[in-house]
Visitor: 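Starting off with a structure, shown below.
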Amino acid sequence: MDVKKIRSDFALLNKDVSGKPLIYFDNACQTLRPKQVTEAVSEYYDSFPACAGRSVHKLATEVSLRCDEVRTKVADFLDAESPLEISFMKNTTEGCNTVILGSNLKKGDEIVTTDYEHNSVHVPVLRAVELYGVKHKIVKSAPDGTFDIVAFEKAMTKKVALVAACLTSNVTGYTLPSREVVQIAHSYGAKVLFDAAQCAPSRKIDVRALGVDYLAVSGHKMCGPSGVGMFYCRAEISERLRPIMYGGHGVTDTRYDSYQLLPAPERFETGLQNYSGIVGTGAALRYLSSIGLDEIQAHEVSLNKKMSKALSDVSGVRMLKPLDPNLRGGIFSFNIDGLSAHDVAMIMDNSKNIMMRSGMHCCHPYFHARGLEGCARASVYIYNTSEEVGVFTDAVQELAAKFSKTH
Ligand SMILES: Cc1ncc(COP(=O)(O)O)c(C=O)c1O
């Protein structure tokens, strides 16, 4: 992987910010965008700023064609059988809400989740409990921070209608054994939703080989523009899933007293869409495909190994489990004794120009259950370098030496 060449595509990495080069380690929140993506977004506004699927003039036809092209690209990227299994949404959260609140769940049904769900799954599940009286079962992680497949199987019953799980954790970077989870869930007749927001940017996902029923992804975590989610729904079950929003475009006909929904994907794409974002998403997927997902994953793990090696035995630095960097992709989460996570992130920004995330990362229950107030998180991506990791690990060592002694 030619990191130097990749870096030349990202404007922000090629100018000093506050008089220093910027080290961007907040990729799990959102990645930077290469010029190929920002140019594609501008092309929409400059050349065909119209609306898909409605007007019949040439600008509108161009938008429709471009969006169809991107839909096909997303289907290929995820190995879906048909582009019609892909809907464009606002983000991962919308896809998760659509499944959890649109599956006609009823009292007596059960939903199984992990104990480290992002709120984009956790909160709609709590809402389903409130609205429909479904039972929420949470599978506790194993002591080493991995997914406890035995506990998962114990939680499964014929009443489980849905397993909704975070494929790759945004807190620890851990990826659960997806194929086994789907196989076990299906053997009980349950459907499976994977929140793949953190997985899709750097691991090849093959929805057909996995047999997963639903999967949700956000473009902004994989070099795409903000405000575009990609939602996969297996064709055979899409008619049973109801949208969470109703209005124009998602319907085939309406009368004063009735409406008829269109099939997927249109039923999930109500109202005017984020066309510039969809066009930009196409450019992002082309960009990532040209690098290769396996290469991206290997690059992240190699940087994470370097971080882990430098920091795992440093007094006062507490890494979140699992400790093995091979299990954590590009995410390195930790605390420093004597400092809050926000202090760590602010000091890193002010002293070294390192941008990272701190807090509970929208996974409050995970931290409450472990008696933690949060963590600092460094997350790397395609343009990050071994030298940047060196600056980061030196800075963490310095901070730990200074603050953890006095604690
Ligand atoms: C694991 C995971 N799931 C879901 C989300 C929500 O993504 P979005 O805000 O794009 O809906 C995130 C965002 O950080 C995430 O990391």
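Only this structure's heavy atoms are used, side chains among them; waters, hydrogens and symmetry mates stay out. All ligand and atom numbering here is 1-based and tracks the order in the structure.
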Visitor: Please determine whether side-chain hydrogen bond (donor to acceptor under 3.5 Å, both in side chains) holds for the pair N335 and R318, giving the CA-CA distance in whole Å, both sets of side-chain angles, and the decisive distance to 0.1 Å.
Guide: CA-CA 5 Å; N335 277 301; R318 297 182 193 277; over 6 Å; no

Visitor: Testing V3, L288, L32 one by one against I382 for a side-chain contact (heavy atoms from CB on, under 4.5 Å), which residue passes?
Guide: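 The residue from V3, L288, L32 that satisfies side-chain contact (heavy atoms from CB on, under 4.5 Å) with I382 turns out to be L288.
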
Visitor: Can you check whether Y232 reaches V217 side chain to side chain, under 4.5 Å on heavy atoms?
Guide: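 Of all side-chain heavy-atom pairs linking V217 with Y232, none is under 4.5 Å.
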
Visitor: Answer whether the closest heavy-atom distance between the side chains of M356 and R377 falls below 4.5 Å.
Guide: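 No, too far: nothing below the 4.5 Å cut-off.
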
Visitor: May I ask you to test the Y24-L12 pair for a side-chain heavy-atom distance under 4.5 Å?
Guide: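 They are not in side-chain contact.
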
Visitor: As a test of reading the model: which N/O atoms of the protein lie under 3.5 Å from N/O atoms of ligand 1, and at what distance?
Guide:
unit_1   : atom_1 : unit_2 : atom_2 : d
ligand 1 : 3 (N)  : D195   : OD1    : 3.0
ligand 1 : 3 (N)  : D195   : OD2    : 2.5
ligand 1 : 10 (O) : S218   : OG     : 2.6
ligand 1 : 10 (O) : H220   : NE2    : 3.4
ligand 1 : 11 (O) : T92    : N      : 3.3
ligand 1 : 11 (O) : T93    : N      : 2.8
ligand 1 : 11 (O) : T93    : OG1    : 2.5
ligand 1 : 14 (O) : K221   : NZ     : 2.6
ligand 1 : 16 (O) : Q198   : NE2    : 2.7

Visitor: Where does the angle between the aromatic ring planes of F392 and F25 fall among parallel (under 30°), tilted (30 to 60°) and perpendicular (over 60°)?
Guide: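 F392 vs F25 ring planes: perpendicular.
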
